[in-house]
Amino acid sequence: MKLWSGRFEKNTDQLVDRLNASISYDQRMYEEDITGSMAHATMLGARGIIPQSEADRIVQALGEILEDCRAGKITFSEENEDIHMNVEVLLTERIGDAGKRLHTARSRNDQVAVDLKMYLRKEIDTLQEKVRTLIAAICDKAEEHLESIMPGYTHLQRAQPSTFAHYTMAYAEMLTRDLGRLADCRVRLNQCPLGSGAACGTTYPIDRAMTARALGFDKPTENSIDGVSDRDYVLELASALSILMMHLSRFSEEIILWSSYEFGFVTLDDAFATGSSIMPQKKNPDIAELVRGKTGRVYGHLMGLLTVMKGLPLAYNKDMQEDKEAIFDAVDTVCNCLDVFTPMYRTMTVRTDRLRRAAAEGFINATDCADYLVKKGMPFRDAYTCVGRLVHDCIAGGKTLETLTLEEYRAVSPVFDEDVYQAIDLMTCLLGRTVPGGPAPDMVRAHIAHTRALLPSA
Ligand code: ARG
């Protein structure tokens with residue numbers, strides 16, 4: 001029999017139970033549901049709303065149920081719909097009438113909001129740790145490649161000199177912002193809706209500050225209707241995760257390109273690549289491809305959640321039960337991706353010879369060559385035109401800026417001298433880019449140190 005069966009004359013149809021029940025996925029919040037109930041019962045006892053002795057029995061029995069859940073001894077039932085009613089039924093089975101007092105001054109509406117906030121808060125902490133671990137891996141590899149010159153690209157065309165360290169620290173920067181977004185979301189989430197009741201609070205003299213404190217929230221929420229109908233924190237987390245996945249997806253795309261024969265910039269460890277069932281020679285970057293693919297799945301959850309919420313009048317509507325599978329899967333997906341991406345990245349070999357060859361072939365020192373003329377007094381636009389002519393001559397003659405003779409340089413501008421070769425040497429170009437944020441090894445070293453300082457536990 002349902003907890004709420006009083007005003008009904010029939011049992012629900014089994015088909016209704018199937019669609020209505022959320023226990024198959026919300027049971028993962030048992031820890032939060034039970035600790036939330038323990039705090040609620042403690043407060044009810046402290047305020048004299050239920051007898052202290054009964055509050056004590058409830059808390060003790062809930063503690064035992066929690067232990068049994070952790071030990072895998074509990075089987076939840078679809079008949080009891082969701083985690084909230086399953087726990088309440090278990091409690092009443094164990095301690096009888098005292099258990100029936102637990103739901104005083106509370107609704108499943110504020111209960112589910114508390115549970116979900118506490119659950120996602122814990123997941124945000126886990127996610128942040130995983131992101132920090134990836135950032136640390138990026139910093140470690142960058143430190144080994146401060147002088148591994150490679151082209152920086154625009155339009156996927158070789159552009160200007162960078163290093164593997166400079167290039168990949170761009171991803172550390174993106175992931176650092178992702179950490180900030182997760183932290184922001186956690187701050188806004190951390191207000192306790194318990195006490196909002198079904199929608200309009202309660203007449204019992206409850207102590208909302210007490211339960212908020214006991215459950216690790218900064219304070220109670222300000223409006224009971226908002227308390228039970230707000231799912232912004234779910235949307236914010238899904239947005240932060242979508243942006244994070246977009247970053248992982250771009251990084252994956254680079255790794256897919258870099259591990260191709262055409263680029264050959266990196267070699268994936270055999271443990272993080274896969275073969276083909278027909279082509280014996282293949283070594284495929286499936287992990288990076290899956291991360292790229294799963295990005296679509298996380299975006300899909302964000303869209304789904306936004307759409308579920310967009311037309312809902314205040315306050316709670318059952319539509320909101322749909323939030324859980326979406327956000328749980330988004331969190332799980334991102335965690336799984338980070339768990340594999342980080343060791344894939346750590347074990348990947350960087351082929352510095354290939355980076356260097358790509359750097360040597362693409363006229364990536366052309367800007368530096370123009371700057372050489374500017375330093376000798378020529379306006380930048382004129383210098384730009386001269387070097388454009390040189391590049392044109394190189395392409396026509398199968399040469400590079402390094403292999404042009406001084407006569408060939410002088411034919412374009414008499415300002416050129418012997419020292420041009422030193423000026424366009426890739427190491428000179430690299431060491432000269434000392435602008436903050438630039439690829440000069442000292443600048444990147446400073447960025448790595450600054451980034452590491454943000455990672456206390458990694
Ligand atoms: N299982 C529900 C959910 O996840 C809990 C809240 C149910 N509230 C209600 N009034 N039916 O949203």
Side-chain angles (χ1 to χ4, degrees), residues 24-26 28-29 116 119-120 122-138 141 168 170-183 185-186 231 233-260 263 266 268-277 282-309 322-348 458:
S24 64
Y25 47 86
D26 67 15
R28 67 158 85 190
M29 304 192 299
L116 190 56
Y119 180 82
L120 294 179
K122 185 176 75 185
E123 293 292 74
I124 289 173
D125 295 342
T126 305
L127 282 158
Q128 285 182 310
E129 201 47 43
K130 291 182 193 297
V131 174
R132 284 196 200 103
T133 309
L134 174 54
I135 296 175
I138 295 172
K141 209 176 265 301
T168 54
Y171 284 100
E173 196 69 350
M174 296 173 222
L175 292 165
T176 303
R177 288 195 296 274
D178 291 321
L179 279 182
R181 270 182 282 273
L182 290 170
C185 171
R186 195 189 190 291
R231 291 293 182 275
Y233 55 97
V234 180
L235 297 170
E236 276 193 64
L237 180 56
S239 312
L241 294 181
S242 294
I243 298 173
L244 168 56
M245 284 303 287
M246 180 272 289
H247 292 148
L248 289 184
S249 185
R250 290 182 79 175
F251 208 175
S252 295
E253 170 66 11
E254 307 256 31
I255 290 169
I256 293 161
L257 285 173
W258 291 348
S259 61
S260 67
F263 274 82
V266 299
L268 293 174
D269 190 271
D270 279 0
F272 291 93
T274 54
S276 154
S277 62
K282 289 300 285 293
K283 178 171 171 183
N284 296 327
D286 287 30
I287 297 307
E289 290 172 310
L290 280 168
V291 170
R292 191 176 58 182
K294 284 176 190 294
T295 301
R297 176 171 171 158
V298 175
Y299 291 1
H301 290 315
L302 170 62
M303 257 325 125
L305 285 162
L306 285 165
T307 312
V308 165
M309 294 306 294
E322 286 295 304
D323 58 3
K324 280 168 223 59
E325 282 171 294
I327 195 65
F328 292 165
D329 187 69
V331 169
D332 292 349
T333 302
V334 176
C335 284
N336 291 340
C337 288
L338 285 165
D339 282 346
V340 190
F341 191 95
T342 301
M344 175 192 73
Y345 188 74
R346 273 201 185 280
T347 55
M348 171 184 100

State, with a plain yes or no, whether a side-chain heavy atom of [X] is found less than 4.5 Å away from one of [Y].
| X | Y | value |
| --- | --- | --- |
| V331 | Y119 | no |
| V334 | V298 | yes |
| Q128 | R132 | yes |

- Message: If you apply the rule side chain to side chain contact (heavy atoms under 4.5 Å, CB included), what do you find for M29 with F328, and how did you get there?
- Response: CA-CA 11 Å; M29 304 192 299; F328 292 165; 3.9 Å; yes

Anything under 3.5 Å between a donor and an acceptor, one on a side chain of residues 284-294, the other on a protein residue two or more places apart or in another chain? List them.
unit_1	atom_1	unit_2	atom_2	d
N284	OD1	K282	NZ	3.4
D286	OD1	T274	OG1	2.7
D286	OD2	T274	OG1	2.9
R292	NH1	E253	OE1	2.4

- Task: List in chain and number order the residues that pass side chain to side chain contact (heavy atoms under 4.5 Å, CB included) with A170, two or more places apart in sequence or in another chain; answer none if no residue qualifies.
- Result: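 Side chain to side chain contact (heavy atoms under 4.5 Å, CB included) check on A170 returns M174.
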
Kindly compute the distance separating [atom1] ([X]) from [atom2] ([Y]), expressed to the nearest 0.5 Å.
| X | Y | atom1 | atom2 | value |
| --- | --- | --- | --- | --- |
| Y299 | M246 | OH | CE | 6.0 Å |
| I255 | T168 | CD1 | OG1 | 9.5 Å |
| I327 | L305 | CD1 | CG | 6.0 Å |
| T295 | I243 | OG1 | CD1 | 12.5 Å |
| L175 | L248 | CG | CG | 6.0 Å |
| C337 | K130 | SG | NZ | 11.5 Å |

- Message: Walk me through whether H301 and R297 qualify under side chain to side chain contact (heavy atoms under 4.5 Å, CB included).
- Response: CA-CA 6 Å; H301 290 315; R297 176 171 171 158; 4.1 Å; yes

- Query: Should R231 and D323 count as an ion pair when the cut-off is N to O under 4.0 Å?
  - Reply: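 Here R231 pairs with D323 in a salt bridge, since their nearest N and O are under 4.0 Å apart.
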
- Query: Between D178 and R181, is the closest basic N to carboxylate O distance under 4.0 Å?
  - Reply: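 Answer for the salt bridge query: yes.
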
- Flag, side chain of T133 to backbone of E129, donor-acceptor distance under 3.5 Å: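 Indeed, once roles are kept as given, a pair shorter than 3.5 Å links the two residues.
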
- Query: Under 3.5 Å, is there a donor-acceptor pair between the side chain of K283 and the main chain of L268?
  - Reply: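 At least one qualifying donor-acceptor pair exists.
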
Can you see which heavy atom on [X] is nearest to which on [Y], and at what distance?
| X | Y | result |
| --- | --- | --- |
| Y171 | E254 | OH-OE2, 2.8 Å |
| A137 | Y345 | O-CE2, 4.0 Å |
| A271 | D269 | N-OD1, 2.9 Å |

- Could you go through the side chain to side chain contact (heavy atoms under 4.5 Å, CB included) check for K324 and V234 one step at a time? CA-CA 9 Å; K324 280 168 223 59; V234 180; over 6 Å; no

- Item | Neighbour count >12 (heavy atoms, 6.0 Å) for atom CZ, R346 |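 More than 12 within 6.0 Å, yes.
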
- Task: List the steps and the verdict of side chain to side chain contact (heavy atoms under 4.5 Å, CB included) for M344 and M348.
- Result: CA-CA 6 Å; M344 175 192 73; M348 171 184 100; 5.7 Å; no

- Not counting sequence neighbours, which residues clear side chain to side chain donor-acceptor pair (under 3.5 Å) with D332? List them please.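 Expected list: R28.
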
- Message: Tell me which one of T347, V131, L134 satisfies side-chain contact (heavy atoms from CB on, under 4.5 Å) with T342.
- Response: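 One option only clears the test, and that one is L134.
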
- Query: What class does the angle between the rings of F251 and W258 fall in, given that below 30° is parallel, 30 to 60° is tilted and above 60° is perpendicular?
  - Reply: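 Geometry flag for W258 against F251: perpendicular rings.
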
